[in-house]
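Keep in mind that what you see is a predicted model, and the values were worked out from it rather than measured.
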Amino acid sequence: MAATGIARHATTLSSPARVHIYEARDLTLGAQELIETEQDFKLTWWPMADALRAVHDGRFLLPAGPLALLLADHRPAIS
C-alpha cells in the first residue's frame, strides 16, 4: 500500500485541530481489525467515479470524506 498526503484542514474555524487526509492506492481486501469502539463500522469499496457521484448527490456523509475525494480527484499530493 502507498499512502500520500493530499490535504490538511481545520475541523472548525475556532479549533487548532487539523484533519490530515491521505490517499491510499493498491489496497487489498482483507479482514477488518476493529477496536471495540469501531465494531459498528462497515467497510465499503467504491470505484472513484461512483464515490464522486455520491458526493455530488449528497449521499457520501462521512464528515471529511467528500473533501478527501474531491481533493484526490483534482489536486496533486502535498508533503
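Smallest separation of non-hydrogen atoms from Gln39 and Ile35: NE2-O, 2.9 Å. In terms of heavy-atom proximity, Arg59 sits nearest to Arg53 at NH2-C, 3.9 Å. The minimum heavy-atom distance between Glu33 and Glu38, with the atom names listed, is O-OE1, 4.4 Å.
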